[in-house]
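Not measured: the values here are computed from a predicted model. Just so it is clear: chains get the letters A, B, ... in the order the sequence lines come, proteins before strands, and each one is counted from 1.
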Amino acid sequence: MTPEQLSAAIVEVLATLSAEGELTLPDGPPSAVTVERPRQREHGDYATNVALQLAKKAGTNPRALAQLVADRLGQHDGVAAVDIAGPGFLNITVAAAAQGEVAGQIVAAGAAYGSSELMAGERVNLEFVSANPTGPLHIGGVRWAAVGDALGRIFEAVGAAVTREYYFNDHGAQIDRFSRSLLHSVRGLEAPEDGYGGAYVHEIAQAVVARRPELVEKDDAAAQEILRSEGVEMMFDEIKRSLHDFGVDFDVYFHEDDLHKSGAVDRAIERLTELGNTYEQDGAVWLRTEQFGDDKDRVVVKSDGQGAYLSGDLAYYLDKRERGFDRCLIMLGADHHGYVARMMAMCAAFGDTPGTNLEILIGQMVNLLKDGEPLRMSKRAGTVVTIDDLVSAIGVDAARYALARYSSDSSIDLDLDLWAKAGSENPVYYVQYAHARVSSLLRNAADLGLAPADHPELLVHEKEGELLRALADFPGVVASAATLREPHRVARYLEDTAGAYHRFYDNCRVLPMGDEEPTDLHRARLVLVDATRTVLANGLGLLGVSAPERM
RNA sequence: GCCCCCGUAGCUCAGGGGAUAGAGCGCCGCCCUCCGGAGGCGGAAGCGUAGGUUCGAAUCCUACCGGGGGUACCA
């Protein structure tokens, strides 16, 4: 009996009461009711507030409505007891056998446990990272690499077709600054005032020279062009390689430059003009974003005839829509939140629905702490912490987990010393250790020749119940992580579940001791342990973190 | 000035209106005769302030205070 099944059972009770005229529901029975696990153990296995929610509409008082529901729900096979408490809460105790069945169901579902059809049929375009190829990927981009990829995995688990996309800004002034910085390096000059410093600039410059030695003899313009094309390519390859090592691969690497060269930008602007949403002023073409909620109108074609940055976004968005994506999600750092309003306005200007066709997720900043002190970063000074630095400091698993376990709305301080530790103070180890411990127990059981066997009615220990309920929560957690676009829920859930397992393990002997004859309880508990392994492995998988069998 | 995010235990953070607000770390005190003690048990300790909505607010609204980020015909 999972929370979802219980919710469905309650809905059925409400529908029956309504049909039999014992209850008047003007809006009909709800499609789902809230079922939660109460904090206090005395409040049962699950609790629902439906009576409080519906009493007013039904023209009755909460406790009377609760009584009606309790009488019917109590007759359900999987329900052992229903109590009415406080203002009208229904406290539900699930029959042991119904609760214990979950373990066998999880093992049977295996890698599919936790998945659903919640977003079946939806085509989702997930754009994240999209850092300019003017330097190694730094920590801000890495947060989205971890969160975005996890979100993609979560969407896939709930049935969506996901395309991961990286928008490659290879068209504007940043690239120009980058290539001039390379040129200065080759000529032995200081980095340009508005350019990039740092050792990587010299490394890239030397690498390009090694590949194309003739550029040294060319004039500045020709040399810079070689440095631009080769340097950007090398930088981009390095970013791709870093992300790949981080476990993140994109389906599409989209080049902004292509949009300009192919005429897609012009077509997008034409479309907006046909819709009456552009005008010319001061020699520039403006988009009427203000009437769609932006602070002011925005330039799309500058007075020098060049497309403004937004023009690429217009064309890119239109391209995604034409490729059949109903939902385009873009993940940006907080330093770009000012773009949200104009992007949403752009979406509306095309006649689309902001928030549905286009969704922008903002991730707050990441600060790194070393020896308790914040690491000051400056791209210009070359003191950036790159994705490779982070991985070599704490490893891929810890980095992905650390970046994905916090709400993206919060700026976070990551203590590199803590996340590098192989100990319990490190949350990723806490979860991975539980998985390793489970795996070890399953190996021992196999060595003993003890085979798991379902006896759900025997799993009646308090700690077994708590673990079973935690395991039963998993699909709901995945669903809410998808709906709310919040992968951190999965990480927090895994920590809770690992704790529930440790407490179970501490109280319930799984394998026979010494020469003890194996019993059905041993076999039943083994199913529960296997179910725990399944959930921990599936959950870690959603975060792109390994589930080690030994550590 | 205006816009966005945040303010919860000593620290790092969870808590999508519900009952006595949680976890990890740190601190104090416990638990190994066998499945991994990288574990478990107990204890001290908290919702920035002031109003409002609600049967019920950490959660929603308003104001203020504090921290971070943003506010280009840059990308």
Side-chain angles (χ1 to χ4, degrees), chain A residues 34 36 38-40 42-43 47-49 52-53 55-56 61-62 85-89 91 132 134 169 171-177 194 256 281-286 295-296 298-304 306-310 312 333-341 362-365 367 369 372 402 405-415 418 421-427 429-430 432-434 436-445 448 480 483-484 486 488-489 491-493 495-496 498-499 501-514 516 522 525 529 550-551:
Chain A
T34 305
E36 52 187 18
R39 293 201 175 90
Q40 266 61 50
E42 318 84 71
H43 293 155
T48 178
N49 61 0
L52 290 103
Q53 301 288 1
K56 195 171 281 180
N61 71 72
F89 290 104
N91 292 336
N132 288 348
T134 55
N169 290 156
H171 181 74
Q174 302 279 23
I175 296 293
D176 190 53
R177 288 177 192 166
D194 58 353
E256 182 188 1
Q281 184 181 306
D282 305 330
V285 178
W286 298 69
D295 294 338
K296 58 179 183 181
R298 305 288 172 177
V299 168
V300 290
V301 181
K302 296 186 274 185
S303 52
D304 64 2
Q306 294 288 308
Y309 182 74
L310 188 61
D335 51 343
H336 288 87
H337 95 267
Y339 266 74
V340 175
I362 297 296
Q364 299 298 318
M365 299 289 157
N367 298 307
L369 268 52
R405 92 182 272 265
Y406 304 100
S407 163
S408 296
D409 285 341
S410 293
S411 58
I412 52 176
D413 296 326
L414 291 189
D415 182 341
L418 186 155
K421 282 181 187 163
S424 60
E425 58 266 87
N426 184 340
Y429 274 86
Y430 184 80
Q432 288 184 316
Y433 174 72
R437 208 183 195 191
V438 164
S439 301
S440 170
L441 205 162
L442 293 173
R443 280 194 300 273
N444 293 345
L448 289 173
S480 64
T483 304
L484 300 171
E486 291 185 348
H488 76 274
R489 288 169 183 273
R492 301 295 176 153
Y493 164 80
E495 290 166 30
D496 290 344
Y501 176 74
H502 288 312
R503 286 185 289 277
F504 155 77
Y505 180 89
D506 211 53
N507 286 275
C508 300
R509 177 76 199 190
V510 177
L511 301 179
M513 288 205 272
E516 190 186 359
H522 294 127
R525 284 179 170 168
V529 172
R550 299 171 208 270
M551 53 193 289

| message | Under the criterion of centre distance below 5.5 Å and interplanar angle below 30°, is H488(A) classified as stacked on the base of rA14(B)? | response | no
| Of Y309(A) and R298(A), the one whose closest RNA chain B nucleotide lies more 5' | R298(A)
| query | Starting at OH of Y501(A) and ending at C1' of rG39(B), how long is that distance when rounded to a whole Å? | reply | 11 Å
| Watson-Crick or G-U wobble partner of rA63(B), both distances under 3.5 Å | rU49(B)
| request: Could you check whether F89(A) and the base of rA19(B) form a stacked pair, meaning centres closer than 5.5 Å and planes differing by less than 30°? | output: yes
| said: I need the OH-C1' distance between Y433(A) and rG24(B), as an integer number of Å. | reply: 16 Å
| task | Would you mind pulling out the nucleotide paired to rC35(B), Watson-Crick or G-U wobble, both distances under 3.5 Å? | result | none
| message | Heavy atoms only, 4.0 Å cut-off, all strands: where does S410(A) land among base, sugar-phosphate and nothing? | response | sugar-phosphate
| field | Any-strand Watson-Crick or G-U partner of rA19(B), both distances under 3.5 Å | value | none
| message | Does the structure show Y505(A) stacking with rC35(B), if we require the centres to be closer than 5.5 Å and the planes to be within less than 30 degrees of parallel? | response | yes
| Under a 3.5 Å cut-off for both distances, is rG26(B) Watson-Crick or wobble paired, and to whom? | none
| request: Indicate whether OP1 or OP2 belonging to rC74(B) is found under 4.0 Å from a side-chain N or O atom of K302(A). | output: yes
| field | Validation row: F504(A), V529(A) side chains within 4.5 angstrom (heavy atoms) | value | yes
| Counting only distance, no hydrogens or angles, is the base of rA19(B) paired donor-acceptor with the side chain of N91(A) under 3.5 Å? | yes
| said: Between R509(A) (side chain only) and L511(A) (backbone N and O only), is there a donor and an acceptor less than 3.5 Å apart? | reply: yes
| said: Any base atoms under 4.0 Å from T34(A), or only sugar-phosphate, or nothing? Heavy atoms, all strands. | reply: nothing
| message | Under 3.5 Å for both donor-acceptor distances, Watson-Crick or wobble: does rA9(B) have a partner, and if so which one? | response | none
| task | Mind checking I412(A) for me? I need base, sugar-phosphate or nothing, with any heavy atom below 4.0 Å counting as a touch. | result | sugar-phosphate
| query | 5'-most contact on RNA chain B: H336(A) or V438(A), nearest heavy atom basis? | reply | V438(A)
